[in-house]
Visitor: 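Please find one structure pasted underneath; my questions will follow.
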Amino acid sequence: MSEYKYIGKPVKRHDGVEKVTGQASYTGDLKMSGMLYAKMKTSEYAHAKILKVDTSEAEKLPGVRAVIDGRHGFAKLGIYMQDRSVIAMDKVRYHGEVVAAVAADDLETAERAIELIKVEYEPLPIIQDVREAVKPDAPLIHPDLGSYSHTVGVFFPKAGTNVANHMKLRRGNVEEGFAKSDVILENTFTQSQIFHIPLETHVTIVQWGAGDNIKIWCSGQSPFSVRDLFSIAFGVPRNNIEVNILYVGGGFGAKAGIHLEPLVGLLSKAAGGRPVKLVPTREEECSTLPCRQGLFARIKTGCSAEGRILAEEVELLWDAGAYADYGVNIGRASATSGCGPYEIENIKIDSLTVYTNHVFGTAYRGFGHPEVFFAVERQRDLMAAKLGMDPTEFRLKNLLYPGSRTVTGELITENTGRPDKCLKRVAEMIGLHNHYTDAEKAEMKRTGKYRGKAAAVLQKAPAMPTWAASSALVQMNEDGTVRISVSGVDYGQGTYTVLQQIAAERLNLPIEKISINKSVSTPISPYDWQTVASRMTVICGMAVADACDDLKEQILEMAAVVLRASKHEIAFGEGDVYVMQNPQYRVGFNKIAIGYVYENGNAVGGPLIGRGKAIAQGLTNLDPETGQGKAALDWTYGAHAAEIEVDTETGDIEVLQFASCIDVGQVMNEELMRGQIVGGVLQGLGCAKSEYVSHDASGRLLTRNFTDYKIPTFKDMPKKMMVDAVETPQLDGPYGARGCGEHPLISVTSVMANALANAVGVQFFDLPLSADRVYRRIQAGNSGPKLS
Amino acid sequence: MNRQRIRLKVNGQAYDTLCSENATLLTLLREDLGLTGTKEGCGAGECGACTVILNGRPVNSCMVLALECQDSEVRTIEGETVNGGLSDLQKAFIEHNALQCGFCTPGMIMSARALLDKNPSPTREDICEALEGNLCRCTGYEPIIAAVLSAAGGEVNE
Ligand code: FES
Ligand code: FES
């Protein structure tokens with residue numbers, strides 16, 4: 001369909017060979033001479049004063065080289081708000097919080113030393129429910145909230161409360177909208193926190209050498225953000241800090257921002273500059289490292305009798321857990337999608353990021369959208385039912401179309417992307433509107449296995465500061481091949497492969513002649529903000545395209561000299577350049593890559609280096625009172641649909657077929673895109689069916705391993721998975737492309753709960769739809785199975 | 001710490017070394033023998049990232065004491081390549097995009113290898129059964145099934 005040579009073509013991922021042979025190096029595979037091993041001492045209480053930390057016995061243990069606690073780890077950390085210290089001081093705010101750490105000659109010694117550390121606590125009242133946390137008389141988890149530094153004008157912490165940020169969106173007048181409505185429906189939806197579960201934990205090695213020369217190797221998504229936040233926390237210049245990222249065993253947002261680097265750095269410093277390695281156990285990954293936030297959502301919707309949404313009021317209470325350094329932005333960004341991709345004249349959204357005594361939250365694939373869309377897209381089906389309308393028809397009637405305005409007042413154009421097309425497509429793919437025959441219904445009755453279908457839409461734009469930028473270098477090797485350097489991290493999404501395709505297209509060079517750096521090192525790699533937000537293909541892609549254009553310009557300049565022609569008379573071949581009118585005059589890239597040498601030995605030019613950069617165009621901070629402004633670099637819209645079968649005897653849900661369609665603008669690499677979608681949908685099915693973070697009454701985390709916290713296995717795959725794409729080009733994206741890394745996970749839970757309601761008439765307002773819960777609800781339900 | 005002598009064969013190579021009493025086979029491979037291709041995802045027998053083949057059977061090496069492997073034959077991902085060339089399974093994993101972050105991949109390939117050794121033409125169900133203990137957070141499993149089917153010369157229909 002496209003006229004491209006490399007874009008949209010089946011190019012294989014760049015990292016396959018290293019990964020299938022076990023030769024790919026991850027941070028955990030590194031060993032350095034003199035390296036020490038670290039272990040953390042964590043809190044047994046969810047909220048308590050620290051009265052005393054006694055490390056004296058641990059320090060005496062032979063082989064222990066450093067012991068630190070809150071007295072050393074007081075520096076404040078955080079990406080959007082600096083609300084957590086490296087090690088808990090004065091008090092702990094969640095069960096699992098670090099109170100001390102040890103570095104020793106080997107892990108066993110470190111483990112024994114940890115047991116010798118004695119901590120005295122005085123328990124404080126705990127808060128686990130966001131609705132309790134926002135009450136005026138609630139105990140304060142951060143009494144100093146008013147003094148925390150944060151991005152001013154973007155976030156609005158409420159001193160003297162547990163509200164880390166209050167994001168407001170206002171359009172029109174909701175009261176008037178409700179007054180005009182014929183049908184009003186109000187519901188609440190609850191979702192627990194969720195774990196990311198990258199298969200590799202946050203492995204970290206740091207060497208804090210003399211003269212504050214700091215070297216970091218970490219399993220992270222964001223080398224430059226680690227450098228930046230480390231520098232801010234300790235006042236060490238950026239130039240002294242080297243962050244290295246090798247292969248990364250999964251991130252999903254968990255490894256954005258900064259995590260264990262400061263802790264391990266302090267251990268190294270205390271141990272006289274020896275490198276220290278910390279490999280969190282799976283249990284520590286669950287209980288100490290951050291998770292996805294929980295959400296309590298209340299939605300009130302007013303509609304005309306004809307099914308137009310006239311007003312919507314949304315209240316989002318995010319369970320940020322003990323810290324909200326990243327969470328404040330999830331509350332902010334997801335509010336810009338707080339009503340979904342619908343045109344609604346009167347809107348009032350309040351999104352509050354709320355502290356509790358749970359594990360703290362951070363970015364997670366979808367950045368709040370999977371949670372918000374569970375509520376919004378459930379609400380749409382429930383409203384359609386109340387109106388007696390087909391839910392797809394109801395959605396189509398209210399979706400955004402060119403000319404509509406988003407909740408932040410942004411104008412939708414012909415190039416924004418089309419949720420309606422995606423929705424129609426998935427409905428078609430699963431046969432959403434084919435009613436079950438009488439024979440099929442009889443069969444369901446006989447077997448007790450009821451089928452149901454549903455669809456839902458989704459959207460997301462990158463959530464990031466207005467200034468989040470990428471840069472790229474494209475350097476030519478002696479033989480005329482090129483190498484790309486970027487600082488976005490490819491932890492398997494396939495970004496690097498797509499960047500190679502962009503360079504191949506731009507330079508008209510075969511893909512084999514283009515390599516890309518496989519590891520990032522801040523002293524030599526060009527700047528990038530973070531590998532998050534589905535922004536790599538778009539922004540990093542534009543930076544690579546820009547760098548290729550720069551390289552081409554240099555090639556032309558050299559060629560003009562060598563070929564004795566004007567630049568406009570020269571054309572690009574495949575790996576060479578020639579005089580257009582007389583193609584026999586040509587010079588290969590290999591002859592000019594590092595300088596051209598004349599027969600007598602004279603040389604001109606020099607190594608060719610293309611440099612490129614990109615930054616989001618025209619984003620604004622949002623108005624503090626109304627949330628109006630330009631929030632989105634690009635909106636990626638999409639839709640999912642599913643047909644499920646519920647066994648009413650067991651409550652078990654099987655996904656018979658699942659369809660996904662996303663308006664990606666331009667399919668860059670179909671196989672890699674499918675990989676993102678199939679993987680993301682299954683991750684979403686985990687949230688729908690089995691994943692649930694739970695705490696006991698005293699706030700202790702109960703789900704700390706793969707037995708208690710179940711992620712999908714081979715047995716949980718949909719029986720049939722269908723993937724399609726709409727291609728409405730994004731004019732400022734590379735070759736029209738938009739990001740789609742997070743989107744597959746959005747609206748999976750809503751589709752599943754909607755399909756369940758369709759199958760057996762049981763309405764879920766919370767998750768997961770685990771067999772035991774579904775079974776109990778079917779048993780309790782007086783409505784009985786209902787068929788469409 | 002008490003270190004004891006252990007002799008075993010890994011990927012056909014004989015090793016004679018010392019390891020601590022409570023070291024797991026995973027630790028022996030990664031820390032003492034420097035074979036870091038085998039990964040640790042949980043250390044508790046729940047994820048399969050550490051799968052190796054011990055005397056012909058797939059095991060979670062994090063759950064096996066190294067000293068129990070006295071005189072054993074172990075096969076790891078490092079032994080999957082033959083003379084520097086990729087095996088059928090390795091090629092199929094690349095061909096079908098059956099990996100993303102790659103952290104589960106070595107364990108996944110070893111489990112698949114153990115399956116194919118026993119059952120050269122497994123069905124889709126056989127594969128799901130045999131690999132159920134191997135978790136992957138990235139791929140959604142679908143391409144892994146396709147890869148194993150195609151390495152076994154079977155029909156891959158999406
Ligand atoms: S690391 Fe051995 S099963 Fe997870
Ligand atoms: S490829 Fe990442 S866990 Fe399987």
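Letters A, B, ... mirror the listed sequences (proteins, then strands); counts begin at 1.
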Visitor: Is it true that a side-chain atom of Q657(A) and a backbone atom of I430(A) form a donor plus acceptor pair closer than 3.5 Å?
Guide: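 Yes, Q657(A) side chain to I430(A) backbone: donor-acceptor pair under 3.5 Å.
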Visitor: So which bits of residues 134-141 of chain B come within less than 4.5 Å of chain A, counting non-hydrogen atoms only?
Guide: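 Residues in range: N134(B), L135(B), R137(B), C138(B), T139(B), G140(B), Y141(B).
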Visitor: Are K39(A) and E284(A) within salt-bridge range, i.e. N to O under 4.0 Å?
Guide: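 Counted as a salt bridge, because a side-chain N and a carboxylate O are separated by less than 4.0 Å.
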Visitor: Among A24(A), P712(A), G251(A), who wins on heavy-atom pairs under 4.5 Å with chain B?
Guide: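 Ranked by contacts with chain B, first place is P712(A).
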Visitor: Tell me, for I109(B) versus chain A, whether the close heavy atoms (under 4.5 Å) come from the side chain, the backbone, both or neither.
Guide: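 Only the side chain of I109(B) comes within 4.5 Å of chain A.
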Visitor: Are any side-chain N or O atoms of Q90(B) and backbone N or O atoms of V20(A), one a donor and one an acceptor, separated by less than 3.5 Å?
Guide: yes
Visitor: Passes salt bridge (Lys or Arg N to Asp or Glu O under 4.0 Å), E132(B) versus K715(A)? Steps please.
Guide: CA-CA 7 Å; E132(B) 199 197 354; K715(A) 301 232 162 124; 3.2 Å; yes
Visitor: Which region of Q676(A), side chain (C-beta onward) or backbone (N, CA, C, O), has a non-hydrogen atom less than 4.5 Å from a non-hydrogen atom of chain B, or is it both or neither?
Guide: both
Visitor: Looking at Q100(B), E95(B), E78(B), which makes the most heavy-atom pairs under 4.5 Å with chain A?
Guide: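 So the answer, after comparing Q100(B), E95(B), E78(B), is Q100(B).
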Visitor: For L685(A), is it the side chain, the backbone, both, or neither that has a heavy atom closer than 4.5 Å to a heavy atom of chain B?
Guide: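 No part of it gets close to chain B.
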Visitor: Is it the backbone or the side chain of E80(B) that comes under 4.5 Å from a heavy atom of chain A, or both, or neither?
Guide: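 For E80(B), neither part sits under 4.5 Å from chain A.
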Visitor: What residue in T81(B), L131(B), T105(B), L89(B) has the most heavy-atom pairs under 4.5 Å with chain A?
Guide: L131(B)
Visitor: Apply salt bridge (Lys or Arg N to Asp or Glu O under 4.0 Å) to K277(A) and list each qualifying residue two or more places apart in sequence or on a separate chain.
Guide: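 Testing K277(A) for salt bridge (Lys or Arg N to Asp or Glu O under 4.0 Å), a comparison that skips the adjacent residues, returns none.
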Visitor: D117(B) vs R75(B), test: salt bridge (Lys or Arg N to Asp or Glu O under 4.0 Å). Steps then yes/no.
Guide: CA-CA 12 Å; D117(B) 283 350; R75(B) 274 162 67 198; 3.2 Å; yes
Visitor: Strictly by modelled atom types, are Y491(A) and E200(A) linked by a side-chain donor-acceptor pair under 3.5 Å?
Guide: no
Visitor: Against chain B, label V678(A) side chain, backbone, both or neither, depending on which of its atoms sit under 4.5 Å from a heavy atom there.
Guide: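 Contact with chain B involves both backbone and side-chain atoms of V678(A).
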Visitor: Would you mind checking which part of E671(A) comes under 4.5 Å of any heavy atom in chain B, side chain (CB onward), backbone (N, CA, C, O), both or neither?
Guide: both
Visitor: Mind checking which of residues 27-54 of chain B sit less than 4.5 Å from chain A, heavy atom to heavy atom?
Guide: R30(B), E31(B), T36(B), G37(B), K39(B), E40(B), G41(B), C42(B), E46(B), C47(B), A49(B)
Visitor: Establish, from distance only, whether the side-chain atoms of N705(A) and R282(A) form a donor-acceptor pair under 3.5 Å.
Guide: no
Visitor: Does M63(B) offer a backbone N or O that forms a donor-acceptor pair with the side chain of N60(B) under 3.5 Å?
Guide: no
Visitor: Could you go through R674(A) and E142(B), starting from their C-alpha distance and side-chain angles, then the distance that decides it, and tell me whether this counts as salt bridge (Lys or Arg N to Asp or Glu O under 4.0 Å)?
Guide: CA-CA 10 Å; R674(A) 187 178 171 97; E142(B) 175 195 272; 2.9 Å; yes
Visitor: Taking the six-membered ring for Trp and the single ring otherwise, decide whether the centroids of Y26(A) and F103(B) are under 6.0 Å apart.
Guide: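 Distance test on ring centres: under 6.0 Å, yes.
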Visitor: Please look at L99(B) and chain A and tell me whether the side chain, the backbone, both or neither of the residue comes under 4.5 angstrom of a heavy atom of that chain.
Guide: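 Contact with chain A is through both the backbone and side chain of L99(B).
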Visitor: Pick from Q23(A), E18(A), K31(A), Q493(A): which one has the most heavy-atom pairs with chain B under 4.5 Å?
Guide: K31(A)
Visitor: Do you see a donor-acceptor pair shorter than 3.5 Å between the side chains of H14(A) and Q500(A)?
Guide: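 No pair is found: no donor N or O on one side chain lies under 3.5 Å from an acceptor on the other.
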Visitor: Considering only heavy atoms, which portion of V681(A) lies under 4.5 Å from any heavy atom of chain B: side chain, backbone, both, or neither?
Guide: neither
Visitor: Among the options S87(B), G102(B), P106(B), pick out the one with the most heavy-atom pairs lying under 4.5 Å from chain A.
Guide: G102(B)
Visitor: Just by distance, no angles: are the side chains of N119(B) and S121(B) close enough, under 3.5 Å, to form a donor-acceptor pair?
Guide: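 Side-chain D/A pair, N119(B) to S121(B): absent.
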Visitor: Can you check whether P744(A)'s main-chain N or O pairs, donor with acceptor, with H640(A)'s side chain at less than 3.5 Å?
Guide: yes
Visitor: Listing request: all side-chain hydrogen bond (donor to acceptor under 3.5 Å, both in side chains) pairs with a residue in residues 7-19 of chain B, at least two apart in sequence or in separate chains.
Guide: R5(B)-D16(B), N11(B)-T76(B)
Visitor: With a 4.5 angstrom heavy-atom cut-off, which part of T21(A) approaches chain B: side chain, backbone, both or neither?
Guide: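 Both parts, heavy atoms under 4.5 Å.
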Visitor: I'd like to know if the side chain of H196(A) and the backbone of A363(A) have a donor-acceptor N/O pair within less than 3.5 Å.
Guide: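 Side chain of H196(A) to backbone of A363(A), a donor-acceptor pair under 3.5 Å: yes, one is there.
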